[in-house]
There are 2 protein chains.
Amino acid sequence: MTSQAADGPETATASRRSKITPEREREFFDAVLEQIRECGYESVTMEGVAASTRCSKSTLYRQWKTKPQFVAAALRASRRVRFAGVDTGSLAGDLREAARAAGDWSGKDARLMQALGHAVTADPELAQALREALVLPEIAALQEMLARGVERGEVAADHPALEYIPAMLFGVLRVRPVLSGQYADADYLVRFVEATVLPALGLTQDPGRRSRDD
Amino acid sequence: MTSQAADGPETATASRRSKITPEREREFFDAVLEQIRECGYESVTMEGVAASTRCSKSTLYRQWKTKPQFVAAALRASRRVRFAGVDTGSLAGDLREAARAAGDWSGKDARLMQALGHAVTADPELAQALREALVLPEIAALQEMLARGVERGEVAADHPALEYIPAMLFGVLRVRPVLSGQYADADYLVRFVEATVLPALGLTQDPGRRSRDD
DNA sequence: GTGTACCGGTACTCGGCCGTATCGGTACAC
DNA sequence: GTGTACCGATACGGCCGAGTACCGGTACAC
């Protein structure tokens with residue numbers, strides 16, 4: 001049905017009776033995260049993951065003791081930075097680029113965060129895994145971006161808005177579905193950045209010096 | 001254990017064998033919303049609500065057909081406006097006041113919204129009830145507040161940041177727990193408003209004209 | 001070829017909750 | 001006092017999922 005990981009029973013990963021390869025593990029992780037996004041954490045079942053990956057529950061329970069540990073492992077493995085490496089030369093450009101990148105982010109990881117948002121309050125390990133996977137890397141990248149802007153003298157180091165930039169960006173990502181029923185796309189986020197983040201930082205471009213070069 | 005609605009078995013609400021009074025109904029609603037905040041929507045059980053209100057499951061099922069309908073009814077009944085009626089005379093003052101009011105909001109309703117955030121994607125009736133109870137009234141009050149500011153000439157009617165103010169405020173409310181592990185309090189929100197919302201609207205007070213009067 | 005380790009399938013126990021049914025009892029109307 | 005309607009308690013059937021146990025079979029090392 002879901003067929004997300006079953007793009008062919010005889011893939012090149014050799015037959016299915018061998019030790020679990022890292023690729024196979026990633027299939028498990030992808031499957032459980034996808035199920036979480038779709039059904040929510042509580043409704044995710046080990047049986048469902050096993051079925052969608054054509055493995056047996058035994059296999060999952062051999063690797064991970066419980067469902068929370070399994071999910072935490074999946075989160076940790078999905079850890080990656082999204083808008084790191086962005087460096088357009090100006091803080092405004094960086095922020096716009098980050099917004100654009102976050103547009104893709106929103107469809108998948110915002111959903112994941114929403115689905116896990118409450119389970120996290122009951123399971124510290126899960127909370128830690130979620131923070132490490134989805135939150136901290138982005139925050140760090142953002143702050144690096146801001147620090148570059150400060151170094152360049154584009155914004156004062158003690159600018160009061162600086163500490164709230166992550167909250168603004170992540171906040172609007174998270175709240176858009178509630179307000180307007182849809183996840184934030186790149187266009188919306190860029191407009192948000194231009195209408196609120198840049199002015200808050202005092203980065204509104206002068207009429208004569210538009211940094212949009214397209 | 002929870003004892004939230006059991007502050008005395010023989011309260012003035014008379015004995016428990018009579019028709020359900022509106023007060024009694026409110027006990028049910030309060031109990032289920034509280035359980036949702038604590039355990040999440042999926043984990044809420046009709047049995048738990050019945051136990052915590054000392055009623056029987058039958059009583060609940062006599063009034064509401066299913067759990068989603070029960071929860072939706074509870075949401076609709078809890079509908080009220082929080083920072084309507086705020087009118088300090090200036091938009092900056094209004095926004096600060098709204099932030100302060102939202103500080104109280106955050107502890108309870110933000111939690112509720114988080115807990116329901118995913119269930120809502122699967123149940124349109126629940127989604128509608130949630131929006132009507134927690135989102136729309138606040139948005140309306142905010143927009144009224146902004147409209148007054150526009151009328152007073154404090155901000156241009158076509159100011160690009162205007163449409164994003166609700167997203168900024170609700171967003172930071174919703175994202176704070178994820179970023180820093182705690183719900184936003186009134187002080188944080190007021191500082192957020194002063195550092196980001198007011199500058200974005202061009203409402204930063206001039207050095208000589210501080211509107212803080214305390 | 002032989003052994004070992006591990007996978008996949010199935011069946012199972014156990015617990016929990018939904019929603020229903022039944023029953024005794026109590027408030028309240030008349 | 002009598003009747004009615006509804007509450008609260010409890011028990012029940014059904015379903016589902018966590019986690020366990022077992023078993024046949026296959027890959028892989030040697």
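Below, read A as the first sequence line, B as the second, and so on, with proteins coming before strands; counting in each chain starts at 1. On a predicted model such as this, the values are computed, not experimentally measured, just so you know.
With rounding to whole Å, B/E42 atom CD is found 15 Å from D/dC16 atom P. For the pair A/M46 CE and D/dT20 P, the computed distance is 10 Å after rounding to whole Å. Here the C1' atom of nucleotide D/dT10 and the NZ atom of B/K57 are 10 Å apart, to the nearest Å. For the pair A/E25 CD and C/dC7 C1', the computed distance is 15 Å after rounding to whole Å. The nearest whole Å value for the distance from the CD atom in B/E47 to the C1' atom in D/dA11 is 12 Å. Between the CG atom of B/L60 and the C1' atom of C/dT20 there is a distance of 14 Å, given to the nearest Å. Taking atom NZ on B/K19 and atom P on D/dC6, their separation rounds to 6 Å, with Å as the unit. Rounded to an integer number of Å, the gap from OH of A/Y61 to P of C/dC14 is 17 Å.
For the OP1/OP2 pair of C/dG8 and a distance below 4.0 Å, the side-chain nitrogens and oxygens of A/T59 include at least one atom meeting the criterion.
No hydrogens or angles considered: nothing links the side chains of A/Q143 and A/R148 as a donor-acceptor pair under 3.5 Å. B/S180 and B/R176 form a side-chain donor-acceptor contact under 3.5 Å, judged by distance and modelled atom types alone. B/R174 and A/Q114 are linked by a side-chain donor-acceptor pair at a separation below 3.5 angstrom, with hydrogens and angles left out of the test.
Interface remark: the B/S58 side chain does form a donor-acceptor pair with the D/dA9 base, using a distance-only criterion of under 3.5 Å.
Of the two residues near DNA chain C, B/R62 and B/K65, the one whose nearest nucleotide lies more 5' is B/K65. Positionally, the nearest nucleotide of DNA chain D for B/C55 lies more toward the 5' end than for the other of B/C55 and A/T66.
When heavy atoms are screened at a 4.0 angstrom cut-off, B/Q63 is found touching the sugar-phosphate backbone but no base atom. Note on A/V49: nothing from the nucleic acid sits closer than 4.0 angstrom, heavy atoms only.
Note that B/K67 lies outside the cation-pi zone of B/Y61, set by a 6.0 Å cut-off to the ring centre and a 45° limit from the axis.
Using the Watson-Crick or G-U wobble rule with both distances under 3.5 Å, D/dG19 pairs with C/dC12. Across all strands shown, D/dT4 forms a Watson-Crick or G-U wobble pair, both distances under 3.5 Å, with C/dA27.
Ring to ring, A/Y188 and A/Y183 are not that close: their centroids are 6.0 angstrom or more apart.
With distances taken from any side-chain atom of A/I20 to the nucleotides D/dC7, D/dG17, C/dC7, the minimum falls on C/dC7.
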